[in-house]
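Structure, as structure tokens:
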Protein chains: 2
Amino acid sequence: MQEQIQKILKHNQLSVTGGRTKILELFLAQDDALAHADIERKTGEKFDRVTVYRTLQTFLEKGIIHSIPTSDNSVKYALCKDNCSEGHHHDHHVHFMCSVCGKTLCIDEVSVPVVNLPAGYKVEQIQMIVTGVCKDCA
Amino acid sequence: MQEQIQKILKHNQLSVTGGRTKILELFLAQDDALAHADIERKTGEKFDRVTVYRTLQTFLEKGIIHSIPTSDNSVKYALCKDNCSEGHHHDHHVHFMCSVCGKTLCIDEVSVPVVNLPAGYKVEQIQMIVTGVCKDCA
DNA sequence: AAAAACTTGCAACTCAGTTGCAAGTTTTTT
DNA sequence: AAAAAACTTGCAACTGAGTTGCAAGTTTTT
Ligand SMILES: [Mn+2]
Ligand SMILES: [Mn+2]
Ligand SMILES: [Zn+2]
Ligand SMILES: [Zn+2]
């Protein structure tokens, strides 16, 4: 896994540092999306919160992670599985928020359906957030 | 219009006050969704920002307005057109954010399409946010 | 091994949103 | 119509997320 992490960072022209390695490790080991606070909690006292903010910012810009707008207006982050890059994300999958366990999941198997808007609207991007009960909580 | 406003407030068992009347008036006169800051700006110095927060909170609880999660994780509010009430919203329409003029619109004509999730997921609510260019900016 | 380029932690700050409380307003009761 | 009760408002003080400048530390390049 350390190998994979190095590869991802190098591939994105980022220096390999303790903080970045640790945070990327968290994302790789996690099946659901992480909020800033989750990351702070999971890294313990090891990194300054400013470093966490800056690392997330960098990962977003490089297309290593994508942000997920949740229906309660907090922000979560998840790994990009496709080859996203600098401003060119293409995660057209549905996002799911479980109202029982609170997890936010990328449903990679399901793409966002097309929708027909009234004449005159030009669609650039569609996001879909489904709330409900997840597989594990059913 | 003052009549309609009184009716809405009374119907929701709310006392008719200057602040509530003014804010409801703004919503009725507006075709796009309003952010907290828009309301503060449009009411001038007339009301304390705490009053604006509390009024929006009250309107939300009563189902007079609904909140819209935008893709940039700010919150906007729009009038409920259906008869929503205390925690029972049913605005199943698509929301549109124009990347040119910045307006957020309720597309009442288009309901959110059904989506099939993998077995085991129970869907409770679906939200769809479309980004693009609106009719007026085309 | 030295220089250059980049990353980190710290302290200080900003800005949105919240809370308790006393004064003011609206509604209900008499 | 006046008094009482119930509710709303503004103020001041606070909280917590996120940002910035800068000096010290680390990583990468030469
Ligand atoms: Mn995702
Ligand atoms: Mn709407
Ligand atoms: Zn769950
Ligand atoms: Zn527009």
Side-chain angles (χ1 to χ4, degrees), chain A residues 2-3 5-27 33-62 64-65 67-77 86 104, chain B residues 2-3 5-26 33-62 64-65 67-77 86 102 104:
Chain A
Q2 294 307 309
E3 219 169 89
I5 290 173
Q6 287 224 2
K7 203 178 120 226
I8 297 175
L9 291 175
K10 291 252 169 76
H11 178 253
N12 286 282
Q13 291 127 276
L14 291 174
S15 14
V16 179
T17 67
R20 287 175 182 166
T21 304
K22 180 67 198 168
I23 291 177
L24 206 35
E25 207 172 281
L26 285 179
F27 275 112
L34 293 167
H36 173 95
D38 299 326
I39 295 169
E40 270 198 80
R41 189 151 14 78
K42 284 175 190 267
T43 51
E45 309 290 286
K46 274 186 98 0
F47 305 101
D48 193 87
R49 52 197 207 94
V50 178
T51 302
V52 177
Y53 280 116
R54 292 199 267 226
T55 304
L56 290 174
Q57 193 49 50
T58 305
F59 285 1
L60 268 184
E61 280 163 8
K62 293 293 186 177
I64 299 172
I65 57 175
S67 73
I68 306 171
T70 60
S71 58
D72 63 334
N73 286 283
S74 62
V75 200
K76 296 212 170 185
Y77 303 91
E86 307 259 8
T104 300
Chain B
Q2 294 307 309
E3 219 169 90
I5 289 173
Q6 286 225 1
K7 204 178 120 225
I8 297 174
L9 291 175
K10 291 254 170 75
H11 178 254
N12 286 282
Q13 291 126 276
L14 292 174
S15 16
V16 178
T17 67
R20 287 174 181 166
T21 304
K22 179 68 198 167
I23 292 177
L24 205 37
E25 206 172 282
L26 285 180
L34 292 166
H36 173 95
D38 298 326
I39 295 169
E40 270 197 80
R41 191 154 10 81
K42 284 177 191 264
T43 51
E45 310 291 285
K46 272 186 94 20
F47 305 101
D48 192 88
R49 50 195 209 95
V50 178
T51 301
V52 176
Y53 280 115
R54 293 200 265 225
T55 303
L56 289 174
Q57 193 48 51
T58 304
F59 285 2
L60 267 184
E61 280 163 8
K62 293 293 186 176
I64 299 172
I65 58 176
S67 71
I68 306 171
T70 60
S71 58
D72 63 334
N73 286 282
S74 63
V75 199
K76 296 211 171 186
Y77 304 91
E86 306 260 7
T104 299

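In what follows, every heavy atom counts, from backbone to side chain, and hydrogens, waters and symmetry copies are set aside. Note that the structure is predicted; figures quoted are calculated from it, not measured. Order of the sequence lines sets the chain letters (A, B, ...), proteins ahead of strands, with each chain counted from 1.
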Check your understanding: So which pairs with a foot in residues 40-54 of chain B pass side chain to side chain donor-acceptor pair (under 3.5 Å), sequence neighbours left out?
Key -> B:H36-B:E40, B:D38-B:R41

Exercise for review: Could you tell me which nucleotide pairs with C:dT28 by Watson-Crick or G-U wobble geometry, both distances under 3.5 Å, or answer none if nothing does?
Suggested key: D:dA3

Study note, to complete from the structure: Separation of D:dC11 atom P from B:Y53 atom OH, nearest Å, is 16 Å

Practice item. Rounded off to whole Å, could you give me the CD-to-P distance for the B:Q57 and D:dC7 pair? Key: 17 Å

Practice item. Give the nucleotide from the list D:dC11, C:dT8, D:dT19 with an atom nearest to the side chain of B:R54. Key: D:dC11

Revision key, fill the gap. Nearest heavy-atom approach of B:L14 to B:T58 is CD2-CG2, 3.6 Å

Point to revise | Contact state string [nucleotides 23-30 of chain C, B base, S sugar-phosphate only, - no protein heavy atom under 4.0 Å] | key: ---SS---

Revision key, fill the gap. Paired to C:dA22 by Watson-Crick or G-U wobble criteria (both distances under 3.5 Å) is D:dT9

**Study point:** Nearest listed nucleotide, side chain of B:V50, among C:dC10, D:dG18, C:dT19
**Key:** C:dT19

Review point. Can you check the A:L56 CG to C:dT8 P distance for me, whole Å?
Key: 12 Å

Point to revise | With A:K76 via salt bridge (Lys or Arg N to Asp or Glu O under 4.0 Å) - residues at least two apart | key: none

Review point. What's the OH-P distance between A:Y77 and D:dA17, to the nearest Å?
Key: 13 Å

Review point. Is atom CD of A:E3 surrounded by more than 12 heavy atoms (other residues, nucleotides or ligands) closer than 6.0 Å?
Key: no

Review point. Is there a Watson-Crick or G-U wobble partner for D:dA17 with both distances under 3.5 Å, and if so, which one is it?
Key: C:dT14

Study note, to complete from the structure: In whole angstroms, the gap separating P of C:dC15 from NE2 of B:H36 amounts to 14 Å

Practice item. Nearest 0.5 Å please: distance from the CD1 atom of B:I65 over to the CG atom of B:L56. Key: 5.0 Å

Practice item. Test B:R20 against every option in B:T17, B:L24, B:V16 by the side chain to side chain contact (heavy atoms under 4.5 Å, CB included) rule and name the one that passes. Key: B:T17

Exercise for review: In whole angstrom, give the distance that lies between atom CG of B:D38 and atom C1' of C:dA16.
Suggested key: 15 Å

Exercise for review: Using the closest heavy atom to pick a nucleotide of DNA chain D for each, name whichever of B:T55 or B:R49 lands nearer the 5' end.
Suggested key: B:T55

Practice item. Among C:dG17, D:dT8, C:dC10, find the nucleotide with the atom closest to the side chain of B:R20. Key: D:dT8

Exercise for review: Rounded off to whole Å, could you give me the CZ-to-C1' distance for the A:F47 and C:dC10 pair?
Suggested key: 16 Å

Review point. Is there a donor-acceptor contact under 3.5 Å linking the side chains of A:Q57 and A:E61?
Key: yes

Review point. Quick one: B:D48 CG to C:dT18 C1', roughly how many Å, whole number?
Key: 12 Å

